[in-house]
S.K.: 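Would you mind keeping the following structure in view while I ask a few things?
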Amino acid sequence: MEPPLTGYSLSEPSVSRALLAWYDAHRRDLPWRAKPGEQADPYAVWLSEIMLQQTTVTAVKPYYATFLGQWPRLEDLAAAPLDAVLRQWAGLGYYSRARNLHACAIMVMQRHGGVFPAEESLLRALPGIGAYTAAAIAAIAHGRRAVVVDGNVERVISRLFAIESPLPEAKAVIRAETDRLTPNERAGDFAQAMMDLGSMICTPRQPQCLLCPLAAFCVAKAEGRAGEFPIKAPKREKPIRHGVAFFLRRGDGAVLLTRRPARGLLGGMMEIPGGAWNETPDLEPLRLAPVAADWQRLEGEVTHVFTHFALRLSVYAAKAPSTLKVPDGCRFVAEEDLDAEALPSLMRKAVAAGRAFFADKQERAGERKKRWPNGEARNSRSN
DNA sequence: TAGCCGTGGGG
DNA sequence: TCCCCAAGGCT
């Protein structure tokens, strides 16, 4: 392989200097980010870092604003009921983050007097804070020198050095190279600069090498192969699972909900009752119904794609019998309160399908009354 | 260590 | 439509 045409040694501080100069001119203005010269708020940094785990800035912004508005300080969040946190988190995904966020807030209050520690090892011991987040908080919120490696850094470094080994195997090498490049001063800005670069210039597809402050140092760019990195191990294919869910609606519009088990998939979140999700559709789905009722199968299926499988959810709807005894662990939620519940996106789709079914039914009944006042039968809709 | 754990946007 | 991806952590 030819040597890179850089003329620089990557162990020199040239890289960090070039990057920080670029950052000072082009840094993103983000709600949780301190203005130049200001001190970052550890609570804001922590909250944003948890939300940003595997989640885009665009998706995080409204949630961050809501959380900070409702719980302006750590002690407010620690004092909140877990369900209130789950409700506000609903839709953002990876719900263990919300559970750990709440547990972490309580733990920082108890163990650290409400102040986030600056030591990585202490941060690392808190729920939801792993190697990346601990380093990020230490560097960004406390000004410590820490080696911050996230997905952006992995991409930038793997291109800078044209690392041919695939992820995740290459993680150790990438960390070592990041360590060598991380400056003793402004380590937090260096980390954020790497992330801004990865987000704005050194993007996964179509990297903008012509605008890159590190182009002169980049081996992959010199080889015209920037877009090929990072090399990744092949991923497994995604299986399909099938499930059933039951939308039970009371006359006043209230809907029967229950809470999922505290851990695991969608842990602690609300759902309409249903059965397990299996690799084959259930042959007798009605035996899974929470109550006996006149269940009608909705047309089509609610589909949802999770990280490691795709779900096809068959939804049944029924009007709650007047004599109904509410099943254990379930409760009716008023129609106007559904939006505020801790319903994950999948369940919001299922609820929307159920509500549409009843709205459509009501509309059909109205049409019949208007156009066929005698109660004459009408052909069923055929969409 | 590798599988589990969401969601929505973009190419 | 489909596939890829995003400031990872936990077990």
Side-chain angles (χ1 to χ4, degrees), chain A residues 28 30-33 40 44-64 86 89-101 103-104 123-141 146-156 166-169 171-172 175 178 188 190-200 202-207 227 230 232-241 260-269 271 277 303-311 342-349:
Chain A
R28 286 179 291 178
L30 299 171
W32 45 84
R33 189 173 271 182
V45 171
W46 163 71
L47 178 60
S48 68
E49 289 298 345
I50 301 299
M51 288 185 165
L52 286 163
Q53 289 169 3
Q54 297 290 285
T55 309
T56 58
V57 166
T58 306
V60 163
K61 277 181 176 173
Y63 284 85
Y64 177 81
L86 292 178
W89 198 278
L92 198 54
Y94 285 135
Y95 298 99
S96 67
R97 291 186 296 171
R99 288 179 262 131
N100 286 331
L101 184 83
C104 182
L123 288 164
R124 186 74 181 68
L126 295 166
I129 299 183
Y132 160 74
T133 306
I137 295 174
I140 298 170
V147 181
V148 181
V149 183
D150 75 327
N152 288 301
V153 175
E154 286 179 351
R155 185 169 58 254
V156 172
L167 286 171
E169 182 186 313
K171 279 177 180 288
R175 196 202 137 76
T178 307
F190 177 81
Q192 294 178 92
M194 290 287 273
M195 295 189 261
D196 279 12
L197 189 73
S199 167
M200 302 160 70
C202 196
T203 50
R205 288 170 296 218
Q206 309 278 333
K232 296 191 174 182
K235 58 182 180 307
R236 306 194 316 171
E237 69 172 290
K238 203 168 282 192
I240 297 176
R241 291 188 196 172
R260 295 179 58 84
R263 289 174 302 197
L265 184 68
L266 308 177
M269 302 295 285
E271 67 177 357
W277 302 339
T303 62
H304 196 76
V305 180
F306 293 96
T307 309
H308 54 295
F309 68 93
L311 179 67
L343 288 166
S345 292
L346 160 68
M347 287 302 156
R348 286 175 192 269
K349 292 183 192 174

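Numbered from 1 within each chain, the chains take letters A, B, ... in sequence-line order.
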S.K.: Rounded to whole angstrom, note down the P distance from dG9(C) over to dG8(B).
M.R.: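 Rounded to whole Å, the distance is 22 Å.
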S.K.: R124(A): what forms a side-chain contact (heavy atoms from CB on, under 4.5 Å) with it, not counting sequence neighbours?
M.R.: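 side-chain contact (heavy atoms from CB on, under 4.5 Å) list for R124(A), sorted by chain: A131(A), A134(A).
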S.K.: Could you state the interatomic distance from OG1 (T56(A)) to CE (M51(A)), rounded to the nearest 0.5 Å?
M.R.: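 Rounded to the nearest 0.5 Å, the OG1-CE separation comes out at 12.5 Å.
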S.K.: Within the 4.0 Å heavy-atom criterion, would you say W32(A) contacts the bases, only the backbone, or no part of the nucleic acid?
M.R.: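 The residue W32(A) makes base contact.
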S.K.: Within the structure shown, what part of the strands sits under 4.0 Å from A191(A) by heavy-atom distance: base, sugar-phosphate, or nothing?
M.R.: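 No contact at all - A191(A) keeps every heavy atom at 4.0 Å or more from the nucleic acid.
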S.K.: Could you check whether R260(A) makes a cation-pi contact with W277(A), meaning its NZ or CZ is under 6.0 Å from the centre of the six-membered ring and within 45° of the ring axis?
M.R.: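 Yes - R260(A) lies over the ring of W277(A), closer than 6.0 Å to its centre and within 45° of its axis.
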S.K.: Among R348(A), E271(A), M269(A), which one satisfies side-chain contact (heavy atoms from CB on, under 4.5 Å) with L343(A)?
M.R.: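 Only one of R348(A), E271(A), M269(A) forms a side-chain contact (heavy atoms from CB on, under 4.5 Å) with L343(A), namely R348(A).
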S.K.: Starting at the 5' end of DNA chain C and moving along, which residue's nearest nucleotide shows up first, A134(A) or K235(A)?
M.R.: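 By nearest-heavy-atom nucleotide position, the 5'-most residue is K235(A).
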S.K.: By nearest nucleotide on DNA chain C, pick out whichever of L30(A) and G128(A) is the more 5' one.
M.R.: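 That would be L30(A).
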S.K.: What is the per-nucleotide protein-contact pattern of nucleotides 4-11 of chain B, from the 5' end, where B denotes a base atom under 4.0 Å from a protein heavy atom, S denotes such proximity for sugar-phosphate atoms only, and - denotes neither?
M.R.: SBBBS---
S.K.: So R33(A) and D196(A), salt bridge (Lys or Arg N to Asp or Glu O under 4.0 Å) or not? Walk me through it.
M.R.: CA-CA 12 Å; R33(A) 189 173 271 182; D196(A) 279 12; 2.8 Å; yes
S.K.: Is the F306(A) to H308(A) ring centre distance short of 6.0 Å?
M.R.: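 No: the rings miss the under 6.0 Å criterion.
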S.K.: Using a 3.5 Å distance criterion without hydrogens, assess whether the side chain of R241(A) forms a donor-acceptor pair with backbone atoms of L311(A).
M.R.: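 Between the backbone of L311(A) and the side chain of R241(A) there is no qualifying donor-acceptor contact (under 3.5 Å).
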S.K.: Select base, sugar-phosphate, or nothing to describe what R33(A) touches, counting heavy atoms under 4.0 Å on all strands.
M.R.: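 Counting heavy atoms under 4.0 Å across all strands, the contact made by R33(A) includes a base.
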S.K.: Can you tell me how far C1' in dA2(B) sits from the matching atom in dA7(C), rounded to whole Å?
M.R.: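 Those two atoms are separated by 22 Å.
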S.K.: Quick check: does any side chain N or O of R175(A) sit under 3.5 Å from a backbone N or O of V149(A), one acting as donor and the other as acceptor?
M.R.: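 Here the side-chain-to-backbone pair does not exist.
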S.K.: At a heavy-atom distance below 4.0 Å, which nucleotide of DNA chain C is the first touched by chain A, and which is the last?
M.R.: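 Footprint of chain A along DNA chain C, 5' to 3': dC4(C) to dC10(C).
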S.K.: Are the aromatic rings of W89(A) and Y63(A) close, with centres under 6.0 Å apart?
M.R.: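 Ring centroids of W89(A) and Y63(A) are no less than 6.0 Å from each other.
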S.K.: Counting the atoms with a prime plus P, OP1 and OP2 as sugar-phosphate, which does R155(A) contact under 4.0 Å by heavy atoms, base, sugar-phosphate, or nothing?
M.R.: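 It contacts sugar-phosphate atoms only.
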